[in-house]
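Notes follow the structure.
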Amino acid sequence: MTSDERKSIQNGIWLCKTCAKIIDSEPAAYPPEMLAVWKQHAEAGAVRDSTVSGDQIGILLADIAAAREIVISFCETWERNAPDMGFDIPFKVLSERILKYSNARVNAYHKEVAPHVARVLAIASYILGSSHQAIIDLERESIHSSVNYIGMRECARMLQKLHSVLELR
């Protein structure tokens, strides 16, 4: 690359002073192809971000907080109302009671909670991109979150993680 090509805006990549020094001092660790990919990702993110207003992010943050509260509240309510599992109850009766309760809980979760999480995921995926780690983590947890309380609480934790990521935007 000529000196003029190296100085051109097409070759530019915005970095802080510290990162620029590290990259310039270790060229073998940061080949031009890698830097070009970083630049493409940054430019794609900037284009995506430029289409999203602060108000839209604010609304999404409120939706995430609401979805998280819905997940936690649902979990606490169903835990509190779990059937009695005393040792004096015959196994067959206990098994039927637990199965009926679990099916009702899963169905209620899909009706009352899952749509809120799905809405957050759809909007956040548009803003952050579907390959963002916070999106991937929330998608993974939301798939099985209706199965048990641990999954529900983990889904709530991933919603909080997503909220934290978006607060920085």
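Below, each value reflects all heavy atoms present in this structure, side chains not excepted, and no hydrogens, waters or symmetry copies.
- Between Ser130 and Ile135, the shortest heavy-atom distance links the atoms O-CG2, 3.9 Å.
- Atoms CD and CG, from Glu112 and Asn107 in turn, are 10.5 Å apart once rounded to the nearest 0.5 Å.
- Linking Ile, Leu, Val, Met, Phe, Trp and Tyr residues whenever their side-chain heavy atoms come within less than 4.5 Å places Val165 and Tyr126 in a single cluster.
- When hydrophobic clusters are built by joining Ile, Leu, Val, Met, Phe, Trp and Tyr residues whose side-chain heavy atoms come closer than 4.5 Å, directly or via intermediates, Leu159 is grouped together with Leu166.
- The CD1 atom of Ile57 sits 8.0 Å away from atom CG of Leu128, with the distance rounded to the nearest 0.5 Å.
- At least one side-chain heavy atom of Ser73 sits less than 4.5 Å from a side-chain heavy atom of Thr77.
- For the pair Ser8/Asp4, no side-chain contact is recorded, criterion being any heavy-atom separation below 4.5 Å from C-beta on.
- In this view, Asp137 and Arg140, Lys161 satisfy the salt bridge (charged side-chain N to carboxylate O under 4.0 Å, His left out) rule, not counting sequence neighbours.
- Taken to the nearest 0.5 Å, the CG atom of Leu60 stands 12.5 Å off from the CG atom of Asp55.
- Residues Ile59 and Leu162 are members of separate hydrophobic clusters, defined by side-chain heavy-atom contacts under 4.5 angstrom among Ile, Leu, Val, Met, Phe, Trp and Tyr.
- Shown here is Ile150, whose CD1 atom has no more than 12 heavy atoms of other residues, nucleotides or ligands within 6.0 Å.
- Residues Ser131 and Ile136 share a closest heavy-atom pair of O-CD1, 3.4 Å.
- Heavy-atom minimum distance, Val120 versus Ala67: CG2-CB, 4.1 Å.
- Across all their heavy atoms, Met152 and Val71 have their closest contact at O-CG1, 3.2 Å.
- Contact of the Asp24 side chain with the Tyr30 side chain is not registered, since no non-hydrogen atoms from C-beta on lie closer than 4.5 Å.
- Within the 3.5 Å criterion, the main-chain N or O of Leu99 finds no donor-acceptor partner in the side chain of Ser102.
- Across all non-hydrogen atoms, the minimal contact from Glu139 to Leu121 is CG-CD2, 3.5 Å.
- Side-chain atoms of Cys155 and Val117, non-hydrogen and from C-beta on, do get closer than 4.5 Å to each other.
- By the rule that hydrophobic residues join a cluster once side-chain heavy atoms approach within less than 4.5 Å of another member, Ile70 and Val106 end up as members of separate clusters.
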Next item on the list: In sequence, state the C-alpha distance, the side-chain angles, and the governing distance for Arg97 and Ile89, and then conclude on side chain to side chain contact (heavy atoms under 4.5 Å, CB included).
Entry: CA-CA 10 Å; Arg97 189 181 294 172; Ile89 302 170; 3.3 Å; yes
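- Taken to the nearest 0.5 Å, the CG atom of Asn81 stands 12.0 Å off from the CZ atom of Arg105.
- Distance SG/Cys75 to CZ/Arg80: 10.0 Å, rounded to 0.5 Å.
- Glu141 and Arg153 are not joined by a salt bridge, as no carboxylate oxygen comes within less than 4.0 angstrom of a charged side-chain nitrogen.
- Atom NE2 of His110 is surrounded by more than 12 heavy atoms from other residues, nucleotides or ligands within 6.0 Å.
- Between Asn148 atom CG and Glu79 atom CD the span is 10.0 Å, to the nearest 0.5 Å.
- Of all non-hydrogen atoms in Ile13 and Leu35, the two that sit nearest each other are CD1-O, 3.8 Å.
- With sequence neighbours excluded, no residue satisfies side-chain hydrogen bond (donor to acceptor under 3.5 Å, both in side chains) with His132.
- Note: Phe74 and Tyr109 have perpendicular aromatic rings, judged against thresholds of 30 and 60 degrees for the angle between ring planes.
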Next item on the list: Show the numbers, then the answer: is there a ring-ring contact (aromatic ring centres under 6.0 Å, His included) between Tyr149 and Trp78?
Entry: CA-CA 9 Å; Tyr149 301 121; Trp78 280 81; 8.5 Å; no
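- Side chains of Trp38 and Ile23 form a contact here, defined as non-hydrogen atoms less than 4.5 Å apart.
- Around CZ of Arg119, the count of heavy atoms belonging to other residues, nucleotides or ligands within 6.0 Å does not exceed 12.
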